[in-house]
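Counting starts at 1 for both ligands and their atoms, following the listed order. Worth knowing before you read on, the calculation uses all heavy atoms, side chains too, and leaves out hydrogens, waters and symmetry mates.
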Amino acid sequence: MNPFSDSPAETIAALGEQKLLTRIRRWLGSAMPAAPHGMGDDCAVLPAPRGTGRRRAALVTVDPVIYGEHFDAAIPPRAVGQKLLSRNLSDLAAMGGSPDAAVVALALDPRVRLDWLEGFYRGLAATARRHAVPLVGGDLACHRGGLVATLTLLGRAAGPRVLTRAGARIGDFIAVTGVLGGSLASGHHWRFTPRLAEGAWLAARPEVSAMMDLSDGLGKDLHALTPPRARPALFEDLLPIRRGHDLRAALGDGEDYELLFTLRGEPAAARRLVMAWRKKFPRVPLTVIGRLEPASAPGAGTIDLSAHHGFEHFG
Ligand SMILES: [Mg+2]
């Protein structure tokens with residue numbers, strides 16, 4: 001069977017990403033456990049083997065960088081290696097994890113330049129050393145016409161708790177690290193530092209109720225943290241927008257690689273967390289940008305998220 005089709009109705013693009021994920025869940029059936037042990041969170045959580053007492057939950061995540069999709073000829077090869085590991089570390093940070101090891105699979109056109117590949121590996125190695133991630137193996141395959149590098153990252157909870165995307169409730173505050181939007185234009189998409197220490201710190205705070213990292217844009221990703229019958233009420237004047245960019249960019253641009261999380265409790269508790277954060281991470285902004293409201297609330301003065309879709313894979 002030819003896996004490709006020129007008739008749009010037969011393709012995955014016609015179905016769209018969300019419905020495709022639903023199909024994949026159905027095809028996998030009972031072979032795939034429910035989130036967070038299967039699909040649906042930033043990392044899969046592997047239950048600790050029985051009889052191991054105080055062992056911390058193991059985490060695993062996988063993400064590629066693809067020539068023409070995630071980087072192009074304008075990006076130095078070292079930066080591509082750095083980005084590949086960093087975006088996986090960002091997924092680990094999103095669950096309060098710390099890394100154990102990584103494996104890398106490359107699919108390469110035979111015409112790939114040797115000096116490009118050297119730069120890639122040197123960038124990857126430098127980032128691995130910085131975050132103490134041993135690169136323990138991988139695979140090389142031939143892929144005529146393309147260049148795909150996929151990294152699988154293994155880790156474990158940095159503390160007693162793994163923080164998932166589920167757990168937010170109506171009334172929780174919504175908060176975000178860093179600044180949003182303009183990732184491509186600013187070079188942030190390959191220069192960012194994954195928020196590992198920050199993610200571990202947040203996972204250890206009992207008032208943090210759910211967390212994820214921002215990869216497809218706040219306007220799209222926030223739905224994953226929003227429980228049924230709730231609606232995120234965000235305020236434009238609170239959003240930390242990258243200088244030179246606008247609301248549209250902050251909601252719709254992908255690849256922010258910041259942490260998005262919800263906070264339970266009274267406004268005073270949220271203020272205390274922000275004060276403690278500023279002492280601990282004085283160089284990383286933390287901003288409360290809104291709150292989860294009942295879906296039936298009027299929402300006056302809040303951002304209409306239905307107008308901002310974020311990054312659609314296969315679009
Ligand atoms: Mg993620």
Report summary line: min-distance N/O/S atom, D213 vs the Mg ion (ligand 1), resolves to OD1
Requested in this report: State which residue, out of V162, L163, T262, T164, fulfils the side chain to side chain contact (heavy atoms under 4.5 Å, CB included) condition with M211.
Outcome: L163
Report task. Using the six-membered ring wherever Trp is involved, compare the ring planes of W116 and F120 and label them parallel, tilted or perpendicular (cut-offs 30° and 60°). Result -> parallel
**Report entry** Whether over 12 other heavy atoms sit under 6.0 Å from D115 CG
**Finding:** yes
Query raised in the report: Looking at D42, which of its N, O or S atoms is the nearest one to the Mg ion (ligand 1)?
Result: OD1
Report task. Applying salt bridge (Lys or Arg N to Asp or Glu O under 4.0 Å), name anything that partners R229, two or more places apart in sequence or on another chain. Result -> none
Query - Residue D91, metal the Mg ion (ligand 1), N/O/S under 2.8 Å - result: yes
